[in-house]
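Here is the structure we will look at, set down as C-alpha cells.
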Protein chains: 2
Amino acid sequence: MTRPRTRIQQRNSETILKAALEVFSQHGFRGATLDQIAEVAGLSKPNLLYYFASKEAIHGALLSGLLATWLDPLRAMDPDGDPVAELLGYVRRKLELSRDFPRESRLFANEMLQGAPRIRAALEGELRDLVREKSAVLQRWMDEGRLAPVHPVHLIFSVWALTQHYADFDVQVRAVLGEAETDPFPEAGRFLEVLFRRLLEP
Amino acid sequence: MTRPRTRIQQRNSETILKAALEVFSQHGFRGATLDQIAEVAGLSKPNLLYYFASKEAIHGALLSGLLATWLDPLRAMDPDGDPVAELLGYVRRKLELSRDFPRESRLFANEMLQGAPRIRAALEGELRDLVREKSAVLQRWMDEGRLAPVHPVHLIFSVWALTQHYADFDVQVRAVLGEAETDPFPEAGRFLEVLFRRLLEP
DNA sequence: TCTGAAACTGACCGATTGGTCAAACCATCC
DNA sequence: GGATGGTTTGACCAATCGGTCAGTTTCAGA
C-alpha cells in the first residue's frame, strides 16, 4: 500500500494510521495489538491487513516522516536572523508541535525508550548532521558575542527536553497543576521564553 | 510475597525485580512478557509466579517506592538554605538519579506515556502536595528578591524535563554526540548549572 | 444493467500470552 | 535416616497474538 489510488484507499489508510497512532503512542510497538487498532479504526483486522502488509508496516509508515516533521522547526532556524529571536522562535514552534501533536511526540518517545531500534540510523545520520550544522551556527553567534556562551548541543537538547515534556508527561503536568488551569501551554510558553531569554541574552 | 523470610527468597525476589525492571523499562507493561523476564532472571516462568502472584504484582512492586525515590531530591531542598544553591543542589541530585538509575527513569516515563493508569492517584496526591509545598518556598524566595521571578511550578517541571531527558532519551543524546564523548553527564551537569544559575540569579 | 476489480469478512492457523498444578526436588533439623 | 516445609519444574490450559485465505459484497465504469 505505497500509493493510495482510490478515495476509499485514501480514507481507510488515514483512518488506520490515525487509530494506530493512538494505540502505538500509548502502548509502544509490542504493547499495541492489531485487534485494538482495528477496533479504534472501526475496521476488521483482515481489512487492516488488506491496506498494510503487517503490524511493522503500519508502525513504519507512522515513523517515516515523523523525524522530518520533528526537525522542521530546527531546520527553519535562520543563520542570518537575530540569534535570540531565532532561538525563541524555534522554542515556540517546537512547543506548538507538543501542543498540536502530542501523540506523535509520545510515539517518538516510545521509540526512544525502546532504544530506537527502528530509527537509530536516522538518528546517527540525518538528525546528527542537522544538529551539528545548527550548533555550528549557535557557536558562531556565541563567538560573535550575540549569544551567551553555553554548550550548543546541550542547548538544543534543552529545547527538546523542555518542549517534549509537556506532551510526553502531559498527565503529570495536569495532575500537578490541578483542574484550575485547564491548558498548561500558554503559561509554559511564557516560562520557556523567560528561561531562554535569560539564559541566552549576552 | 510481601516480606522475604529466607535468604533464597531475598535473593530471588531481587533477581526477578532486577530483570523485570530491565524488561518493563524497555517495552512498557503490555509489551513486556513473563517469559522474557524469566529468561533475563535465569529462572523458570512458574518460579517467577511462585514469588509474585502475577505480572501486575511484579510491576506494582517496582512502581511502589519509585515515586518516593524520585521525589527525595526535591524533598531535600531546604527552605532555610541559600535559594540558588538549594535549587542547583536539587538539579545536581536529580541528574545523578538519571545517571545512576536510568532504567527506573524509563519505567516511570513508560508509565507516564500510558497515561499513568497505576500511579495517577499518587500523582494527584503525594506528588501534587510536595510540588505545592516546594513551589511556595520558591515563590517566597522570589518575593524576597533572592531568586529571579519565574513560574515556580514550571520551574520544577523544567528540572524534571531537563534531567530525565538524559536518561529517557539516552540513545538520542549519544547518537547526536557521537562516540567521541562517551559519557554525556559531566557536560550536561555543567550546562544545567549555567542554565539555572543564569535563569535564577536575581 | 452487466462486469471486473476493489473492498471486505468469517473462519481459521500456529505461536505466544499470563497463569495453574501436581509432582518432584532439596536443604534443614530431629 | 526420616520427616518437613520451602523451592523448582514440566506439562498443560484458555485466551490472545499476528497473519492467511477462500469466498462474498460493494463499487465504478462501460
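Order of the sequence lines fixes the chain letters, A, B, ..., with proteins taken first and strands second; residue numbering starts at 1 for each chain.
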d([atom1], [X]; [atom2], [N]) in whole Å:
X      : N       : atom1 : atom2 : answer
L34(B) : dG19(C) : CG    : P     : 6 Å
L43(A) : dA7(C)  : CG    : P     : 12 Å
R11(B) : dG6(D)  : CZ    : P     : 17 Å
Q9(B)  : dA27(C) : CD    : C1'   : 14 Å
N47(B) : dG19(C) : CG    : P     : 15 Å

*Look at the rings of F157(B) and Y166(A) and say which category their plane angle falls in: under 30° parallel, 30 to 60° tilted, over 60° perpendicular.*
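F157(B) vs Y166(A) ring planes: perpendicular.
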
*Under 3.5 Å: donor-acceptor pair, side chain of R106(B), backbone of A167(B)*: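 Yes; judged by distance alone, with no hydrogens or angles, the pair exists.
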
*Do any N or O atoms from the side chain of R30(B) and from the backbone of G28(A) form a donor-acceptor pair under 3.5 angstrom?*
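Checked: no pair found.
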
*In the 5'-to-3' direction, what one-character label does each nucleotide of nucleotides 20-30 of chain D receive under the scheme B = base within less than 4.0 Å of a protein heavy atom, S = sugar-phosphate only, - = no such atom?*
BB---------

*Residues touching DNA chain C, which here means a heavy atom under 4.0 Å, drawn from residues 54-62 of chain B*: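 Within residues 54-62 of chain B, the residues near DNA chain C are S54(B), K55(B).
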
*Strand-adjacent residues in residues 14-31 of chain B, judged by heavy atoms under 4.0 Å from DNA chain C*: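 Nucleic-acid contacts, sorted: none.
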
*Name the nucleic acid region contacted by A32(A), choosing base, sugar-phosphate or nothing; use a 4.0 angstrom heavy-atom cut-off, strictly under.*
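Sugar-phosphate only.
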
Can you find a side chain N or O atom of [X] that sits less than 4.0 Å from OP1 or OP2 on [N]?
X      : N      : answer
S44(B) : dT8(D) : no
Y50(A) : dA7(C) : yes
N12(B) : dT8(D) : yes

*Taking everything shown except F185(B) itself, do over 12 heavy atoms lie less than 6.0 Å from its CZ?*
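Correct, the count exceeds 12.
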
